[in-house]
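Scope of the values below: all heavy atoms of this structure, side chains included, with no hydrogens, waters or symmetry mates. Within every chain, numbering begins at 1; the chains are lettered A, B, ... in the order of the sequence lines, protein sequences first and strands thereafter.
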Number of protein chains: 2
Amino acid sequence: MGRLSFREQVLRVREDAIVHSVNRLLAEKGFDSMTVDEVAADVGIAKASLYKHFASKEALAAAAMVRVLQLALATIEAQAANSEASALQRLQAVTRWALEVQMAGEMPSLPSQNSTLRAALIAHKPYLDLVMQVSEPLGAWIVQAQADKSLNAALPAEVILYTLFARACDPVLGILKASGQYSPQQIIDWVMACCFDGLAARV
Amino acid sequence: MGRLSFREQVLRVREDAIVHSVNRLLAEKGFDSMTVDEVAADVGIAKASLYKHFASKEALAAAAMVRVLQLALATIEAQAANSEASALQRLQAVTRWALEVQMAGEMPSLPSQNSTLRAALIAHKPYLDLVMQVSEPLGAWIVQAQADKSLNAALPAEVILYTLFARACDPVLGILKASGQYSPQQIIDWVMACCFDGLAARV
DNA sequence: GTCTATAGCCAGATAGAC
DNA sequence: GTCTATCTGGCTATAGAC
């Protein structure tokens with residue numbers, strides 16, 4: 001990609017700041033409770049200026065999702081480059097990364113039930129492309145881990161993939177974090193254990 | 001409890017119809033996307049009449065939660081009466097019941113992030129009491145199952161309890177159901193396996 | 001208690017000057 | 001592109017007749 005002009009760099013930095021605020025507010029309050037006024041106040045610009053950068057509240061949410069998916073993709077690529085790790089270890093590393101992001105209050109949570117938001121997301125090509133790019137290597141590792149008998153082969157790969165996505169937003173983390181009794185690391189270890197080892201005892 | 005007058009019975013039936021509609025709409029659209037107009041239309045009465053029965057939208061949601069918690073309590077009591085079952089089997093039976101309710105589109109899902117709703121719920125004594133009444137026997141069974149080594153004893157009972165509550169609203173069910181590829185029974189079996197056996201293969 | 005009609009408010013989006 | 005000020009629609013909640 002070519003060099004950006006000064007004006008374009010300024011634009012880029014401002015939009016990054018906006019997306020970062022949206023990300024945090026989505027993680028904290030959720031899409032429905034987050035207001036565009038709050039986003040503007042958090043960034044420190046006028047609401048009308050926000051709308052010069054993003055066409056709608058849904059577009060803001062989509063940008064936040066794109067950002068976190070890009071980070072996920074980077075994590076996945078780092079795991080792919082680690083030739084030491086098994087498929088299961090790679091899946092666990094990516095899952096742990098997602099839990100750490102959520103624990104840090106930076107995992108945007110979108111209501112799967114809001115239909116206008118869903119429509120906006122599936123119409124947003126960068127988002128869809130990234131979902132594909134993320135799902136592909138994860139799906140391959142799942143199949144591989146089932147083949148080497150480290151993942152439950154009785155489950156369709158699809159079910160495992162969806163479960164991993166769902167655990168990235170697992171509300172249990174927020175509840176345990178809010179209780180204030182345990183360290184973030186401890187909480188993540190327990191949620192990882194619930195996910196991969198299950199609640200039932202292992203013999 | 002004494003007999004109800006005819007008027008009181010009519011009132012009761014109408015309120016049951018309201019709560020049932022709220023329950024379904026909460027499961028389908030979530031609290032924020034559900035409107036009081038929709039509830040009124042679904043019940044077939046005027047919105048103003050709704051407000052004669054329930055003081056606010058939050059009160060409607062609380063009533064729906066109370067209803068589902070009462071059903072959960074009945075399921076728990078049925079399991080407690082079943083002297084054949086082990087603690088783990090009882091927990092699994094209750095979890096399966098919750099998944100079946102969700103699969104039937106009747107598990108109300110409330111956003112944990114909406115603060116006004118949270119405030120209304122914790123101020124609603126019948127709701128809080130039922131949460132306690134449900135948590136108590138479940139907690140006891142968890143401790144018992146950890147003692148007899150059928151549940152993972154390395155996890156705090158609290159973590160397991162919260163995880164079971166979270167799985168009752170697991171979005172994975174909705175995604176798999178929406179794909180239309182699998183039978184409800186099949187989906188529930190898979191989600192149960194993910195929850196209790198974990199994603200990793202058992203040796 | 002039920003209805004119709006409406007108040008009141010809030011949040012998403014825009015107009016138009018600079 | 002940024003701002004202030006405003007529009008607009010939708011939603012919760014209520015007034016008031018019957």
**OP:** Determine the contact category for A:T35: base if any of its heavy atoms lies under 4.0 Å from a base atom, sugar-phosphate if only primed atoms, P, OP1 or OP2 are that close, otherwise nothing.
**Re:** sugar-phosphate
**OP:** Write down the distance between CG (B:L50) and P (C:dA5), rounded to a whole number of angstrom.
**Re:** 18 Å
**OP:** Could you check how far CG of B:L117 sits from C1' of D:dC11, rounded to whole Å?
**Re:** 16 Å
Original post:
Going by heavy atoms in the side chains, are A:F54 and A:V19 under 4.5 Å from each other?
Top reply: yes
Subject >> B:E15 CD - C:dG1 P separation (whole Å) >> reply: 9 Å
Original post:
Which nucleotide in the set C:dT2, D:dT2, D:dA13 lies at the smallest distance from any side-chain heavy atom of B:K47?
Top reply: D:dA13
**OP:** Could you tell me whether the phosphate oxygens of D:dA13, OP1 or OP2, come under 4.0 Å of any side-chain nitrogen or oxygen in B:Y51?
**Re:** yes
**OP:** Round to a whole Å and report the spacing from CZ of B:F54 to P of D:dT14.
**Re:** 15 Å
**OP:** Map B:L11 and A:A48 onto DNA chain C by nearest heavy atom, then report which one ends up closer to the 5' terminus.
**Re:** B:L11
Original post:
Given C:dA13, C:dT2, C:dG1, which nucleotide is nearest the side-chain atoms of A:K57?
Top reply: C:dA13
Original post:
Atom CG of B:L60 to atom P of D:dC11: distance rounded to whole Å?
Top reply: 15 Å
Original post:
Out of D:dC3, C:dG12, C:dT2, which has the shortest distance to the side chain of A:A46?
Top reply: D:dC3
**OP:** Can you spot which of B:V43, B:D37, B:T35 makes a side chain to side chain contact (heavy atoms under 4.5 Å, CB included) with B:V39?
**Re:** B:V43
Subject >> Donor-acceptor contact below 3.5 Å, side chain B:S179 vs main chain B:L176 >> reply: yes
**OP:** Return yes if some donor-acceptor pair links the side-chain N/O of A:R90 with the main-chain N/O of A:N82 below 3.5 Å, else return no.
**Re:** yes
Subject >> Interatomic distance where CD belongs to A:Q9 and C1' belongs to D:dG1 [whole Å] >> reply: 18 Å
Subject >> Shortest non-hydrogen separation from B:T116 to B:N114 and the atoms involved >> reply: OG1-OD1, 2.8 Å
**OP:** Report the distance from atom CD of A:E58 to atom C1' of C:dA11, rounded to the nearest whole Å.
**Re:** 12 Å
**OP:** Using a heavy-atom cut-off of under 4.0 Å over every strand shown, decide if A:K52 touches base, sugar-phosphate, or nothing.
**Re:** base
Original post:
What's the CZ-C1' distance between B:R14 and C:dC3, to the nearest Å?
Top reply: 12 Å
